[in-house]
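Notes follow once the structure below has been shown.
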2 protein chains.
Amino acid sequence: MGVVTLKDVAKVAGVSYATVSRALSGSPEIGENTRKRIIKICEEMGYTPNSVARSMVMKRTNIIGLIVTSIDNPFMSEMIAHLEIYARQCGYNLMVCNSSYDPALEKEVFSLLVGRKVDGIIMIPVGSESYDVLKMLTVQIPTVFIGENMMDLPENYVSVDNTTGMQQATEYLYSLGHRNILYLGARDNSMTHKLRVDGYYNACNKLGIEPNVIRNSNPRSSIQVGYELAKAHFKKPFEETAILCAADTLAIGVIQAAYEKGIRIPEDLSLMGFDNITFSALPPISLTTVNQPKLELAVSALDMLLNRIKRPETPHTKTILSPSLVIRNSCRAI
Amino acid sequence: MGVVTLKDVAKVAGVSYATVSRALSGSPEIGENTRKRIIKICEEMGYTPNSVARSMVMKRTNIIGLIVTSIDNPFMSEMIAHLEIYARQCGYNLMVCNSSYDPALEKEVFSLLVGRKVDGIIMIPVGSESYDVLKMLTVQIPTVFIGENMMDLPENYVSVDNTTGMQQATEYLYSLGHRNILYLGARDNSMTHKLRVDGYYNACNKLGIEPNVIRNSNPRSSIQVGYELAKAHFKKPFEETAILCAADTLAIGVIQAAYEKGIRIPEDLSLMGFDNITFSALPPISLTTVNQPKLELAVSALDMLLNRIKRPETPHTKTILSPSLVIRNSCRAI
DNA sequence: AAAAAGACAGAAAACGTTTACGAAAATTTA
DNA sequence: TAAATTTTCGTAAACGTTTTCTGTCTTTTT
């Protein structure tokens, strides 16, 4: 015996199945007594409406597609958690896909989600190299981007003010007396990273100190990458008194490399990150960093998307949230 | 102008829409030349099949529901990442839901996923208190559990051997000379945690040392909880030379509390965790722990589920994977 | 008491596919 | 070359809902 359907309860209730539908949807054109009777029968029979059939006729799935570069990155997973909870409160479910920092895969899962008829897509793009294809794809479906400032593109996005954040970080280190600050982890193919390093350059310019940047050719900003970058750097004697990392995960990698090398943080070297992930606050080295408001990013993104789903003709919007300095113990005054 | 549908391309191609469907589904009952012609037209028109309509008739969505207690727990998010990638390779997408350690919510999202007609559900249950309702629910849909040994329940699950893992951990500490080992974070309402502390008791019994357990009344095993538990414990002088935590996150909380109190790890106190999350390997305190094979857990769970979807009448199965000791630097010999 | 209005429920179309069935066309067989 | 196959494609039903349109039965109004 299969699943209970509308027709089944209609037969039992002795009404047409349109009536059952109305009883459950809260339609006003139905008698209060029959409604109660039908609802009771539904419960007794264990009827649950078939969302797929409903989506078919309503042309709406109440599913939001979510594309992230890597689920198991603390920054992302925190935001996914916020998104999932808020989305469910709004009556939506999340279909989560991993692009694994691969533009081709990113495009593939985007189309896959479009075929699945999700109502909208929230995505953390791989980087600026995929802007062109994304621009082609976003005409198919309401989309909002998180984290990556799409700049010249007219797309919807919500992001933290990366430039200001990094500028503040640099100025903070300067205020502690640091004049030789290394920026570690700049990436070429991401607008986010471009804006961050811009903030660093701005501050250097303004403060009259010499910028010094280690680029990251890898698309991911992982612990491993930070470790390798720092390890290579520490091989030769270094001049800087502080390292400013493009992400907390990179900074954690730097901590590892420094530890192996016997470099003490913050005694021998000050260190800063960006993102303020949960695991940046681990003693004894508790990372001074720049906070990204993850809950606000998630809520803004979903609000923006739902608004766009409701009114697709509305012009594209962007929201820039403010970062904030989180001072802990990985930097010292010199 | 709306989305391109089968009928649209059929009209353009001058064939019935059944023919178009056959051309795309790789059906053998269609001419090779017409197939090529139709596929070409589909591409030109930018046709993407409507998965919802397909699900309607095929009675299959190719969606797996995933219910976890908290997405932003490194152990979970690592496993989710593995699951998502493997599921997509198998032609499935993931609909992820957070139960937030709330049995009522767990039940709610389960029913929600059933209504969404997902093909199966993978879940990390909140704990043993929800076994009864889960047992009622799992008759509705193929389900497999991860991490929680359902014990007497005949349900499908895949889990690590928690008891053996904790026993090995205890024995390892014993082998380093520890005779007074505190177990921190036992929970009453989770079979997983019961089995872990059982492993500890077993070892104590076998080795002839006195067990000593701090229970955790909170359903979550978070950094915060570990911190609070340890902070309260460190208020009075303590006897133990080592603490064995029910989870890595708890251990990280212990590190925090110890640090604040000036207790050095491992010099003054040895510390072990369980799970081997990415962030357990952070210097200078790199946690000795018990590894859970996350990729294998994910793959086994999905294989088990897909098998059950294909053959629902198959008897329930369980898979117990082996844990392994990961020795780092948070324990010392005394 | 007749007419108008309103409340309620049924019939049927629609959503975009897949597929069983059947028919026509092409091919093979005798 | 006629018959028997096989290949190819069209027709139509089905999946489980929502919703428009219509009609009946009450209720209200005059």
Side-chain angles (χ1 to χ4, degrees), chain A residues 1-39 41-42 45-63 91 112 114-119 140-141, chain B residues 1-39 41-42 45-63 91 112 114-119 140-141:
Chain A
M1 185 225 66
V3 181
V4 183
T5 141
L6 259 195
K7 288 191 182 173
D8 297 329
V9 332
K11 203 174 295 171
V12 171
V15 296
S16 78
Y17 54 91
T19 305
V20 181
S21 172
R22 278 190 274 253
L24 295 170
S25 66
S27 161
E29 27 182 79
I30 192 176
E32 217 24 69
N33 30 5
T34 47
R35 152 170 295 142
K36 288 217 180 103
R37 190 170 64 87
I38 289 176
I39 288 185
I41 294 178
C42 284
M45 298 181 67
Y47 168 74
T48 37
N50 184 325
S51 301
V52 177
R54 174 177 289 166
S55 295
M56 181 92 252
V57 39
M58 310 250 306
K59 291 175 161 308
R60 186 179 88 204
T61 54
N62 277 44
I63 300 177
L112 193 148
V114 170
R116 283 221 180 262
K117 301 295 162 193
V118 299
D119 294 343
Q140 303 181 52
I141 189 172
Chain B
M1 187 226 62
V3 181
V4 183
T5 141
L6 259 194
K7 288 190 182 174
D8 297 331
V9 332
K11 205 175 293 172
V12 172
V15 295
S16 78
Y17 53 91
T19 305
V20 181
S21 172
R22 280 189 271 252
L24 295 171
S25 66
S27 161
E29 28 183 77
I30 192 177
E32 216 25 67
N33 30 5
T34 47
R35 152 170 294 144
K36 289 219 178 101
R37 190 170 64 88
I38 289 175
I39 288 185
I41 294 178
C42 285
M45 297 180 70
Y47 167 75
T48 37
N50 183 326
S51 300
V52 177
R54 173 178 290 167
S55 294
M56 180 90 252
V57 38
M58 310 251 304
K59 292 176 160 309
R60 183 180 90 204
T61 55
N62 278 45
I63 299 177
L112 193 147
V114 170
R116 283 223 181 260
K117 302 294 162 194
V118 299
D119 294 342
Q140 303 180 52
I141 189 172

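Just so it is clear: chains get the letters A, B, ... in the order the sequence lines come, proteins before strands, and each one is counted from 1. All values reported here derive from a predicted model rather than from experimental measurement.
Residues from residues 5-14 of chain A that place a heavy atom under 4.0 Å from any atom of DNA chain D, listed by number: Thr5(A), Leu6(A).
When each of Arg35(B) and Tyr47(A) is assigned the nucleotide of DNA chain D bearing its nearest heavy atom, the one mapping closer to the 5' terminus is Arg35(B).
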Could you give the side-chain donor-acceptor pairs of residues 45-53 of chain A under 3.5 Å, partners two or more places apart or in another chain?
residue: Asn50(A); atom: OD1; partner: Val52(A); partner atom: N; Å: 2.8
residue: Asn50(A); atom: OD1; partner: Ala53(A); partner atom: N; Å: 3.1
residue: Ser51(A); atom: OG; partner: Gly115(B); partner atom: O; Å: 3.1

Counting only pairs under 3.5 Å, give me each side-chain donor-acceptor contact of residues 10-19 of chain A, with atom names and distances, residues two or more places apart or in other chains.
residue: Ser16(A); atom: OG; partner: Ala18(A); partner atom: N; Å: 3.4
residue: Ser16(A); atom: OG; partner: Thr19(A); partner atom: N; Å: 3.4
residue: Ser16(A); atom: OG; partner: Thr19(A); partner atom: OG1; Å: 3.2

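Atom CD1 in Ile41(B) sits 10.5 Å away from atom OG1 in Thr34(B) (nearest 0.5 Å). Separating the OG1 atom in Thr61(A) from the CZ atom in Arg116(B) is a distance of 6.5 Å, to the nearest 0.5 Å. Rounding to the nearest 0.5 Å gives a distance of 4.5 Å between CD1 of Ile30(A) and CD1 of Ile38(A). Taken from CG in Leu112(B) to CG in Asn62(A), the straight-line distance is 10.0 Å, to the nearest 0.5 Å. From Lys117(B), atom NZ reaches atom OG of Ser55(A) across 12.0 Å, with rounding to the nearest 0.5 Å.
When all heavy atoms of Val20(A) and Val9(A) are compared, the closest pair comes out as CG1-CG2, 3.2 Å.
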Close N or O pairs between protein and nucleotides 19-21 of chain D (under 3.5 Å):
residue: dT20(D); atom: O4; partner: Arg22(A); partner atom: NH1; Å: 3.4

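Between the axis at the start and the axis at the end of the helix from dA1(C)-dT30(D) to dA30(C)-dT1(D) there is an angle of 40°, using five pairs per end and rounding to 10 degrees.
Distance NZ (Lys59(B)) to C1' (dT17(D)): 12 Å, rounded to an integer number of Å.
Looking at heavy-atom distances under 4.0 Å, Val52(B) makes no contact with the nucleic acid at all. Within 4.0 Å (heavy atoms only), Thr34(B) reaches sugar-phosphate atoms of the nucleic acid but no base atom.
Side chain of Arg35(B) to main chain of Ser27(B): a donor-acceptor pair is present (N/O by atom type, distance under 3.5 Å, no hydrogens or angles).
Boundaries of the chain A contact region on DNA chain C are dC8(C) to dG16(C), first to last in 5' to 3' order (nucleotide atom under 4.0 Å from a heavy atom).
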